Amino acid sequence: MRTPVIAGNWKMNNTIAAAEKLIGELKPLVKDAKAEVVICVPYTAIQKAAELTRGTNIKVGAENVAWADKGAFTGEISAEMLKEVGAEYVIIGHSERRQMFGETDETVCMRTAQALKNGLKPIVCVGETLAEREGNKTEEVVKRQTEGAFKGLAAADLDNVIIAYEPVWAIGTGKTATAEQANETIKYIRSVVSSLYGKATADKLRIQYGGSMNPANASSLMAPPDIDGGLIGGASLKAEDFSKVVNY
Ligand code: PEP
């Protein structure tokens, strides 16, 4: 049995003070969650979030990580730095990074390897655009992104990886994939992992759905057998909404 994991992606939202308020409200609301709970927060809020969630069932993550150990990479942040302030997880290859900041399958792969090398658990995002879905390219795209992200990794590395299947057309748009569409693509991604690493590894791997998941649609999106939780953007910014998704 795979334990579902519900991860919030705060994106570029919440100062330290706002993070303190949100986490304070969230803690009692999710304390009995059956799913694993993660909040991925801006770099500046990681240390405070880690302090405030110590001893609770909420884990903290970052939203990106550099592919190098250290050095001349202005604006980047290293895995060691993220670990130092208490991050356990890190989102890699989010579609906003791919679309606006030039993230490629190669850089996603390098960042994923670097996270794993340093004991950070990557949440690797894959997903097709609307044009790709309409052009019947969904499988081709998620296969390329999945194979690209994991190049050079061993099967044992996959134990510490989560994939988030996020159709780009569903992120922040209010449009969600149907549970059937999400499950079908996630099942396909699992088959890609199975051909790379074998069925046992693929069966253990947690694959989330992400894209406008909210309290109203969470339980139906979480129902199909291949969907192992969610990556939640907008609805993770309000404690009540996020807790309702967590406690779907
Ligand atoms: C996301 O950014 O990963 C996401 C799924 O956003 P939203 O829930 O707002 O669509």
Side-chain angles (χ1 to χ4, degrees), residues 4-14 18-19 22 26 30 35-43 45-46 49 58-65 87 89-103 108 111-112 115 121-130 132-133 138 141-142 145-146 149 161-179 181-183 185-186 189 206-222 224 226-248:
V5 51
I6 310 290
N9 173 15
W10 287 6
K11 313 193 186 196
M12 196 172 70
N13 293 293
N14 290 328
L22 177 49
L26 189 62
V30 300
E36 188 176 341
V37 185
V38 181
I39 50 172
C40 296
V41 309
Y43 301 133
I46 293 174
I58 302 174
K59 294 168 182 164
V60 175
E63 300 174 16
N64 199 4
V65 63
Y89 284 85
V90 60
I91 297 172
I92 296 175
H94 190 278
S95 65
E96 287 152 17
R97 304 278 340 152
R98 292 181 191 258
Q99 292 195 315
M100 292 188 275
F101 301 100
E103 199 75 66
V108 168
R111 293 183 201 277
T112 301
K121 295 175 185 162
I123 300 175
V124 177
C125 302
V126 301
E128 81 288 359
T129 61
L130 185 58
E132 287 162 346
R133 175 158 285 264
T138 299
V141 169
V142 296
Q145 291 174 333
T146 303
V161 171
I162 293 168
I163 295 180
Y165 166 57
E166 300 206 303
V168 178
W169 47 272
I171 297 178
T173 59
K175 286 187 198 140
T176 43
T178 63
Q181 280 174 325
N183 195 57
T185 308
I186 287 177
I189 294 168
R206 292 184 293 178
I207 310 181
Q208 303 170 309
Y209 167 77
S212 298
M213 201 188 269
N214 59 43
N217 59 27
S219 59
S220 72
L221 281 164
M222 236 73 93
D226 273 279
I227 304 179
D228 306 316
L231 184 57
I232 321 297
S236 71
L237 297 175
K238 288 204 177 115
E240 202 182 319
D241 287 352
F242 188 56
S243 69
K244 283 184 180 151
V245 176
V246 165
N247 297 316
Y248 66 93

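Counting starts at 1 for both ligands and their atoms, in listed order. As the structure is a computational prediction, the values presented were derived from the model and not from experiment.
The distance from the OG atom of S236 to the CG atom of L231 is 8.0 Å, given to the nearest 0.5 Å. In this structure, NZ in K121 is found 5.5 Å from NZ in K59, a value given to the nearest 0.5 Å. Interatomic distance, CD of Q181 versus OH of Y209, reported as 8.5 Å (0.5 Å rounding). Taking CD from E36 and CD1 from I162, the interatomic distance works out to 6.0 Å, rounded to the nearest 0.5 Å.
Between G234 and ligand 1, at least one N/O pair is under 3.5 Å apart. Geometrically, ligand 1 and G172 share a nitrogen or oxygen pair separated by less than 3.5 Å.
If you look at N9 next to ligand 1, the close heavy atoms, those under 4.0 Å, all belong to the side chain.
Residue S212 places a heavy atom less than 4.0 Å from ligand 1. The shortest heavy-atom distance from A170 to ligand 1 is under 4.0 Å.
Not a single donor-acceptor pair under 3.5 Å links the side chain of E166 to the backbone N or O of G127. Panel note: side chain N217, backbone S212; a donor-acceptor pair is recorded below 3.5 Å. Between the Q208 side chain and the V5 main chain, a donor and an acceptor come within less than 3.5 Å of each other. In this structure a side-chain-to-backbone donor-acceptor pair under 3.5 Å is missing from R97 to I91.
Listed by number with element, the atoms of ligand 1 under 4.0 angstrom from any heavy atom of G211 are 5 (C), 10 (O). For ligand 1, the atoms sitting less than 4.0 Å from at least one non-hydrogen atom of K11 are 1 (C), 2 (O), 6 (O), numbered in the order shown with element in parentheses. Those atoms of ligand 1 that come under 4.0 Å of a heavy atom in L231, given as number and element, are 3 (O), 5 (C).
The protein non-hydrogen atom at the shortest distance from atom 1 (C) of ligand 1 is H94 NE2, 3.2 Å. Looking only at protein heavy atoms, the nearest one to atom 5 (C) of ligand 1 is E166 OE2, 3.0 Å. Among all protein heavy atoms, the one lying closest to atom 8 (O) of ligand 1 is G233 N, 2.8 Å.
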